[in-house]
Asks: 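Structure incoming, see below.
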Amino acid sequence: MVRTRFAPSPTGYLHIGGARTALFNWLYARNKGGKFILRIEDTDLERSTEASVNAILDGMKWLGLDWDEGPFFQTQRMQRYQYFANKLLEEGKAYYCYCTPEELHERREKALKEGKKPTYDRRCRNLKEPVAGRKPVIRFKAPHDGETVVKDIIKGMVVFKNEELDDLVIVRSDGVPTYNFAVVIDDVDMNITHIIRGDDHLNNTPRQIQIYKALNFELPVFAHVPMILGSDKTRLSKRHGATSVMAYKEMGYLNKALVNYLVRLGWSCGDEEIFSINEMIQKFNIENIGKSAAVFNPEKLLWLNAHYIKQTPTEELAMLAKDFFEKKGYSITEKSKFERIVESLKPRCRTLLEFTEMGSVYFENEFDYDVASVNKFFADKDDSILSLIKTALENTALLDEKKFEDMVKGIAAQKNVKVVTVAQQLRIALSGKTVSPGLFDIIDVIGKEKTLYRLQRAIDFITKKA
RNA sequence: GGUCCCAUCGUCUAGAGGCCCAGGACAUUGCCCUCUCACGGCAAAAACGCGGGUUCGAAUCCCGCUGGGACUACCA
């Protein structure tokens with residue numbers, strides 16, 4: 001039975017990189033009919049917060065990455081780490097070290113200055129007596145010679161010389177285990193079969209393998225996936241823009257779009273770009289994960305989001321968009337009318353936030369007129385076209401789209417101008433700009449009264465200007 | 001500095017020795033559609049980092065170089 005896990009440390013929100021790691025683990029487990037476990041690595045007491053735990057959980061839920069077991073918290077498993085630390089101590093595979101962080105730091109600096117390796121010199125390894133007045137850490141007795149090989153199904157066989165690895169601290173002076181130790185105990189206790197994680201952990205892996213061996217644990221399968229980079233090819237971080245998963249939700253991205261984007265970042269399936277969740281589960285495999293780091297490309301995410309917006313049924317989309325409109329102060333009363341609005345905006349918007357921007361035309365009556373648009377279409381200060389439209393609309397009952405178009409064309413013929421001129425003048429009257437959803441959509445949604453109001457307002461604007 | 005990883009269009013990638021004077025997608029440009037903007041359709045431009053090998057033949061294998069990244073904590 002395949003068992004994978006996602007093990008974030010709660011020191012911030014769920015970010016893009018973590019989300020992709022979680023997704024890969026989740027997909028692999030689902031593909032194999034296995035289990036996906038969530039574990040919170042909160043042994044860094046200083047930086048871990050409950051708010052971060054909740055933020056991560058929210059992010060996972062929004063992406064639809066449900067877990068089968070957990071969340072487990074490392075801080076609630078202290079006795080397990082103590083047990084194995086003691087075991088190593090008793091078996092002579094670990095020892096107390098009384099060096100202070102300050103001493104260690106000094107020695108490291110000194111070694112670096114002298115051009116030597118800044119590794120721990122193992123001076124406490126054979127200490128017979130405790131050092132009075134100091135709280136020791138526990139260090140792992142790493143082998144001096146030989147090599148440790150990481151068998152990684154993405155990177156291949158990676159060989160590390162043991163002389164490069166020093167005696168790492170496995171338990172801090174306050175009794176809290178360090179990452180490299182806790183992660184091993186946890187993965188073994190939770191029967192994790194496949195460890196899929198960022199390749200920033202590849203260098204840690206030989207140390208962990210040494211601990212597995214010292215404790216006679218069976219090794220899991222390792223798969224180190226390449227990092228996600230920003231546009232400048234350095235590790236993706238805040239300065240590259242939004243990195244929080246939930247920030248994308250707030251910006252009006254659909255979870256399906258983000259997940260689809262993420263799965264294709266570092267993984268491929270021939271020429272395929274669009275995957276439903278089920279297709280992903282069915283097709284995901286570790287073999288097709290690439291070896292090189294990938295640059296996060298917001299443009300492509302935007303394209304995918306637009307794709308999923310177009311693909312989402314309008315009724316469903318309207319429910320998602322509602323919050324965004326209400327947040328902007330536009331109250332949604334009639335469901336069917338709102339769906340009409342959403343429908344008209346659907347092919348024009350790439351995010352839900354854009355719906356509210358372009359959609360303002362349906363809600364605002366007292367807008368400003370765009371200067372460039374006015375200069376282009378009302379330069380001659382002639383309101384006759386708008387007046388004709390107004391008269392035509394005043395004398396008609398509810399138009400259908402065909403009749404509306406005939407009217408516009410008729411006025412164009414009558415005034416001997418292009419249809420587009422009439423349309424654009426009307427558009428500016430209705431929206432203040434030369435860009436908007438379809439004219440008929442607008443008048444149909446806002447109704448006769450508001451249409452006439454906006455026409456008169458535009459006529460006043462033009463004539464006042466004259 | 002040391003260790004480790006990586007290297008195909010601007011970006012995500014296909015490519016597992018001949019099917020590749022390198023395919024798809026995003027972005028870009030042009031054309032068509034059209035009441036504007038979009039959508040949609042069509043088309044174009046755009047890459048195997050460099051140098052050595054191996055081989056009848058290399059984007060694909062090997063070595064070196066260069067470049068990028070990660071790690072180097074009583075962080076994870």
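As a basis for the values below, the full set of heavy atoms in this structure was taken, side chains included, without hydrogen atoms, waters or symmetry mates. In the text below, chain A, chain B and the rest are named by the order of the sequence lines, each starting its count at 1.
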Asks: When all nucleic acid strands are considered with a 4.0 Å heavy-atom cut-off, which category describes A/His201: base, sugar-phosphate, or nothing?
Replies: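 Base contact.
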Asks: Output the rounded distance in Å from CG (A/Leu258) to P (B/C26).
Replies: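 To the nearest whole Å, that distance equals 18 Å.
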Asks: Give me the distance, rounded to whole Å, that separates B/C20 from B/U60 when you measure between the C1' atoms they each carry.
Replies: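 Pairwise C1' distance, B/C20 against B/U60, rounds to 11 Å.
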Asks: Say we look at B/U29 and B/C37: how far apart would their P atoms be, to the nearest angstrom?
Replies: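 Roughly 14 Å separates the two P atoms.
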Asks: Could you tell me whether A/Thr178 contacts a base, only the sugar-phosphate backbone, or nothing, with contacts defined as non-hydrogen atoms closer than 4.0 Å?
Replies: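 If one applies the 4.0 Å heavy-atom cut-off, A/Thr178 turns out to touch the sugar-phosphate alone, with no base involved.
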Asks: For A/Gly266, answer base if it contacts any base atom (sugar-phosphate contacts may also be present), sugar-phosphate if it contacts only those atoms, and nothing otherwise; contact means non-hydrogen atoms under 4.0 Å.
Replies: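 The residue A/Gly266 makes sugar-phosphate contact but no base contact.
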Asks: Just call it for A/Phe160: base, sugar-phosphate, or nothing, with non-hydrogen atoms closer than 4.0 Å on any strand.
Replies: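 The answer is sugar-phosphate, as A/Phe160 gets under 4.0 Å only of primed atoms, P, OP1 or OP2.
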Asks: For the side chain of A/Glu164 and the base of B/G2, is some donor closer than 3.5 Å to an acceptor across the two?
Replies: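 No pair found.
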Asks: When you compare B/A59 with B/A7, how far apart are their C1' atoms, in angstrom units rounded to a whole number?
Replies: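 These two C1' atoms come out 12 Å apart once rounded.
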Asks: Does A/Lys300 put a side-chain nitrogen or oxygen below 4.0 Å from OP1 or OP2 of B/U11?
Replies: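 For A/Lys300, the contact criterion (side-chain N or O under 4.0 Å from OP1 or OP2 of B/U11) is not met.
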Asks: Is the ring centre of A/Phe461 less than 6.0 Å from the ring centre of A/Tyr369?
Replies: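 Centroid distance A/Phe461-A/Tyr369: below 6.0 Å, so yes.
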Asks: Between A/Arg235 and B/G68, is there a contact of a side-chain N or O with OP1 or OP2 at under 4.0 Å?
Replies: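 Negative; the distance criterion is not met.
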Asks: Thinking salt bridges, do A/Arg348 and A/Glu357 make one under a 4.0 Å N-O criterion?
Replies: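 So A/Arg348 does not pair with A/Glu357 through a salt bridge.
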Asks: Is it the case that atom CD in A/Glu316 sees more than 12 heavy atoms from other parts of the structure closer than 6.0 Å?
Replies: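 More than 12 within 6.0 Å, yes.
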Asks: Using whole Å, report how far CG of A/Leu388 lies from C1' of B/C35.
Replies: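 It is 17 Å, rounded to the nearest whole Å.
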Asks: Using OP1 and OP2 only, check whether a side-chain N or O of A/Thr43 sits under 4.0 Å from B/A76.
Replies: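 Yes.
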Asks: Between the side-chain atoms of A/Arg348 and the base atoms of B/C39, is any donor-acceptor pair under 3.5 Å?
Replies: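 Check fails, no donor-acceptor contact within cut-off.
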Asks: Kindly indicate whether the side chain of A/Asn297 and the base of B/A27 share any N or O donor-acceptor pair separated by less than 3.5 Å?
Replies: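 Per atom types, no contact qualifies.
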Asks: Please report, rounded to the nearest Å, how far the P atom of B/A70 is from the NZ atom of A/Lys233.
Replies: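 Distance check: A/Lys233 NZ to B/A70 P gives 13 Å.
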Asks: Could you give the CD-to-P distance, from A/Gln208 to B/C4, as a whole number of Å?
Replies: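 Whole-Å distance recorded here is 18 Å.
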Asks: Select base, sugar-phosphate, or nothing to describe what A/Asp174 touches, counting heavy atoms under 4.0 Å on all strands.
Replies: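 Nothing, no heavy atom under 4.0 Å.
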Asks: Take the protein atom NZ of A/Lys310 and the nucleotide atom C1' of B/C39, then report the distance between them rounded to whole Å.
Replies: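 After rounding, the gap between these two atoms is 6 Å.
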Asks: What pairs of residues pass the ring pair (Phe, Tyr, Trp, His ring centres under 6.0 Å) test when at least one of them lies in residues 140-162 of chain A, not counting sequence neighbours?
Replies: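 Counting only pairs at least two positions apart or across chains, no ring pair (Phe, Tyr, Trp, His ring centres under 6.0 Å) contact touches residues 140-162 of chain A.
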Asks: Specify the separation, in whole Å, of atom CD of A/Gln424 and atom P of B/C37.
Replies: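 Rounding to the nearest Å, CD of A/Gln424 and P of B/C37 are 7 Å apart.
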Asks: For A/Ser268, answer base if it contacts any base atom (sugar-phosphate contacts may also be present), sugar-phosphate if it contacts only those atoms, and nothing otherwise; contact means non-hydrogen atoms under 4.0 Å.
Replies: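 Sugar-phosphate contact only.
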Asks: Roughly how many Å apart are B/A47 and B/C4, using the P atom of each and rounding to a whole number?
Replies: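 Going atom to atom, P in each nucleotide, I get 35 Å.
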Asks: For the pair made of NZ in A/Lys409 and C1' in B/U34, what is the distance, rounded to whole Å?
Replies: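 Rounded to the whole Å, the gap is 11 Å.
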Asks: Looking across every strand, which nucleic acid part, if any, lies under 4.0 Å from A/Pro226 by heavy atom: base, sugar-phosphate, or nothing?
Replies: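 Nothing, no nucleic acid heavy atom in range.
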Asks: Which whole-number value in Å describes the distance from A/Leu202 CG to B/U72 P?
Replies: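 Rounded to whole Å, this separation is 13 Å.
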Asks: Could you measure between the two C1' atoms, the one in B/A16 and the one in B/G52, and give it in whole Å?
Replies: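 After rounding to an integer number of Å, I get 24 Å for this pair.
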Asks: Taking 4.0 Å as the cut-off, does a side-chain nitrogen or oxygen of A/Arg108 come that near to OP1 or OP2 on B/U72?
Replies: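 False: A/Arg108 side-chain N/O out of range (4.0 Å or more) of B/U72 OP1/OP2.
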Asks: May I ask you to decide whether A/Asp187 forms a salt bridge with A/Arg39, counting only side-chain N to carboxylate O separations under 4.0 Å?
Replies: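 A salt bridge links A/Asp187 with A/Arg39.
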Asks: Heavy atoms, side chains only, cut-off 4.5 Å: are A/Cys269 and A/Phe275 in contact?
Replies: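 Answer yes - side chains close enough.
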Asks: Roughly how far apart, to the nearest Å, are B/U72 and B/A14 at atom P?
Replies: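 Between the two P atoms, the distance is 29 Å.
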Asks: Does any N or O donor sit under 3.5 Å from an N or O acceptor when you compare the side chain of A/Ser173 with the base of B/C74?
Replies: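 Yes, a donor-acceptor pair under 3.5 Å.
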Asks: Determine the interatomic distance between C1' on B/A58 and the same-named atom on B/G1; round to the nearest Å.
Replies: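 Comparing C1' positions in B/A58 and B/G1 gives a spacing of 36 Å.
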Asks: Looking only at atom C1', what distance separates B/G15 and B/G30, rounded to whole Å?
Replies: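 It comes out at 30 Å once rounded to the nearest Å.
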Asks: Here's a test for you: under side-chain hydrogen bond (donor to acceptor under 3.5 Å, both in side chains), which of A/Arg125, A/Lys117, A/Arg123 qualifies with A/Asp121?
Replies: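 Going through A/Arg125, A/Lys117, A/Arg123 one by one, the side-chain hydrogen bond (donor to acceptor under 3.5 Å, both in side chains) with A/Asp121 is satisfied by A/Arg123 alone.
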Asks: Heavy atoms under 4.0 Å, any strand shown: does A/Val408 hit a base, just sugar-phosphate, or nothing?
Replies: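 No contact.
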Asks: Under 4.0 angstrom, heavy atoms only, what part of the nucleic acid is A/Val159 near: base, sugar-phosphate, or nothing?
Replies: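 Sugar-phosphate, no base atom in range.
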Asks: Strictly below 4.0 Å: does A/Arg207 bring a side-chain N or O up to OP1 or OP2 of B/C4?
Replies: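 Answer no for this pair, as no side-chain N or O of A/Arg207 is under 4.0 Å from OP1 or OP2.
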